[in-house]
Amino acid sequence: MWLPDQRTNATDLLASTGDYLRLWEVNPRNKDGDIEEGRVITSCCLNNNKKTDFCAPLTSFDWNSDDARIVGTASIDTTCSIWDIETQQPLTQLIAHEKEVFDLAFAKGTDIFASVGGDGSVRLFDLRSLEHSTILYETDQLKSLLRIVWNKQDPNYLATVMVEGNEVVILDVRLPSVPVTVLTHTAPVNSVGWAPHSSCHLCSAGDDCLALIWDISTLPHPIEDPILAYNAGSHINWLQWSALQTDWISIAFNKSVQILRV
């Protein structure tokens, strides 16, 4: 994930997770202050468990779009960690779920984030008061939840997906426990993304080879069909809706990446 900072003079930073949270600097400057085009260097490797050589793998992370110093990570050891990448120190680490944490997403602003995991729950956290969390939603039979995505244009809405699930579940933080609508594929859903410029549109993609765009502006009425559909001819593993060029969505499938015009 790229640094969510639209300033033209901002350092080009890229973050990745696996064993640790790593930051990479693209086109760094040398000792003379000249840009080294095409070079990528490790900026830092962040680990808040330095007492052992072993680490619990990180499953996902999110970069706060309103304060680019803040990055949150999710781990299979049931914890979420919130980092300040300027100081390279953890702001907090908390036990977020009863089982593995599979994904984490920040709301608009700097304080609220949500997580999902193997215990089948969506949980909300406030960095200003971490003594308590709110269970927003639990799946039937506590089936594991794989992804959580927050609508940045209308932070009342979130989208989540179950492991090997065919549905995108839309939640409203004002109406906990019950989905406001469910969007259906014919095979497991792998990726979901809200439109960065619209509060009522989102795209989902999965093993049915389809990338579907949905309009939820008619809520609370049921939403049965997408407004646009694209068949990639192969399982779609990931999608990303461009925040700067909002007419474009990228999808990854098989050995290919395609750029789709909405």
Side-chain angles (χ1 to χ4, degrees), residues 1-30 33 35-48 58-75 79-94 96 101-116 123-130 147-159 173 191-199 202 238-246 248-250:
M1 181 183 293
W2 289 98
L3 170 73
D5 191 334
Q6 298 182 13
R7 294 176 301 169
T8 56
N9 62 343
T11 302
D12 285 333
L13 286 180
L14 185 68
S16 63
T17 51
D19 49 358
Y20 305 114
L21 171 62
R22 301 175 190 268
L23 298 180
W24 312 83
E25 186 174 348
V26 181
N27 300 330
R29 293 183 181 274
N30 59 26
I35 295 176
E36 299 184 21
E37 293 286 349
R39 189 174 178 222
V40 179
I41 61 172
T42 302
S43 177
C44 62
C45 177
L46 303 181
N47 172 25
N48 60 355
L58 302 176
T59 53
S60 186
F61 73 101
D62 194 25
W63 211 322
N64 189 293
S65 57
D66 289 280
D67 186 345
R69 298 173 301 169
I70 300 175
V71 176
T73 60
S75 173
T79 67
C80 291
S81 298
I82 307 299
W83 289 89
D84 183 330
I85 62 171
E86 282 192 356
T87 64
Q88 299 184 19
Q89 297 297 317
L91 297 174
T92 188
Q93 183 183 38
L94 63 147
V101 187
F102 289 140
D103 203 8
L104 170 152
F106 285 103
K108 186 175 178 61
T110 59
D111 299 313
I112 309 296
F113 69 93
S115 61
V116 294
R123 304 195 181 202
L124 304 185
F125 298 88
D126 189 331
L127 291 174
R128 297 164 296 187
S129 178
L130 290 172
R147 292 283 173 257
I148 184 76
V149 189
W150 214 307
N151 185 338
K152 296 297 179 67
Q153 298 299 317
D154 186 346
N156 290 316
Y157 292 107
L158 302 94
V173 297
S191 188
V192 180
W194 291 94
H197 62 299
S198 169
S199 63
L202 70 157
W238 195 255
L239 71 86
Q240 184 70 43
W241 202 319
S242 173
L244 294 179
Q245 302 290 336
T246 56
W248 299 97
I249 296 175
S250 62

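- Summarising the geometry of A159 relative to V192, their closest heavy-atom pair is CB-CG1, 4.0 Å, with the distance given to 0.1 Å.
- No side-chain heavy atom of Y20 sits under 4.5 Å from any side-chain heavy atom of T73.
- The minimum heavy-atom distance between L127 and I82, with the atom names listed, is CD2-CG1, 3.8 Å.
- Listed by chain and number, the residues in a ring pair (Phe, Tyr, Trp, His ring centres under 6.0 Å) with W241 are H197 (sequence neighbours excluded).
- Judged purely by distance below 3.5 Å, without hydrogens or angles, the side chains of D103 and S60 pair a donor atom with an acceptor atom.
- The shortest side-chain heavy-atom distance between R22 and T17 does not fall under the 4.5 Å cut-off.
- Minimum interatomic distance between S75 and L58 (heavy atoms only, all atoms of both residues): CB-CD2, 3.8 Å.
- Side-chain contact between C80 and S115 is present, with at least one heavy-atom pair separated by less than 4.5 Å.
- With contacts defined as side-chain heavy-atom distances shorter than 4.5 Å, the pair I70/W63 does not qualify.
- The closest donor-acceptor contact from the side chain of W83 to the backbone of L91 lies at 3.5 Å or more, if one exists at all.
- Side-chain atoms of W194 do not come within 3.5 Å of backbone N or O of K152 as any donor-acceptor pair.
- Scanning for side-chain hydrogen bond (donor to acceptor under 3.5 Å, both in side chains) contacts around T110 gives an empty result, with sequence neighbours left out.
- Within a 6.0 Å radius of CD in Q245, no more than 12 heavy atoms belonging to other residues, nucleotides or ligands are found.
- The nearest pair of heavy atoms linking Q153 to P196 is NE2-O, 2.7 Å.
- L104 approaches A74 most closely through the heavy-atom pair CB-CB, 4.3 Å.
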*Decide side chain to side chain contact (heavy atoms under 4.5 Å, CB included) for D62 and V71; before the verdict, give the C-alpha distance in whole Å, the side-chain angles of both, and the deciding distance to 0.1 Å.*
CA-CA 6 Å; D62 194 25; V71 176; over 6 Å; no
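- With S199 contributing its side chain and D154 its backbone, the two residues share no donor-acceptor pair below 3.5 Å.
- Although no hydrogens or angles enter the test, the distance criterion places no donor-acceptor pair under 3.5 Å between the side chain of E25 and the main chain of D12.
- Contact between A15 and L21 at its shortest, heavy atoms only, is CB-CD1, 4.4 Å.
- At a threshold of 4.5 Å between non-hydrogen side-chain atoms, the residues D111 and R128 count as touching.
- T59 places a side-chain N or O within donor-acceptor distance of the main-chain N or O of V101, the cut-off being under 3.5 Å.
- A donor-acceptor pair is defined here as one N or O able to donate and one able to accept, closer than 3.5 Å; such a pair exists between the side chain of N64 and the backbone of G109.
- With a 4.5 Å cut-off on side-chain heavy atoms, V173 and L124 count as touching.
- Using cut-offs of 30° and 60° for the angle between ring planes, the F113 and F125 rings count as parallel.
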_Let's go through R147 and V116 carefully: what are the C-alpha distance in whole Å and the side-chain angles of both, what is the deciding distance for side chain to side chain contact (heavy atoms under 4.5 Å, CB included) to 0.1 Å, and is it a yes or a no?_
CA-CA 7 Å; R147 292 283 173 257; V116 294; 5.8 Å; no
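- Between the side chains of S16 and W24, at least one donor-acceptor pair of N or O atoms lies under 3.5 Å.
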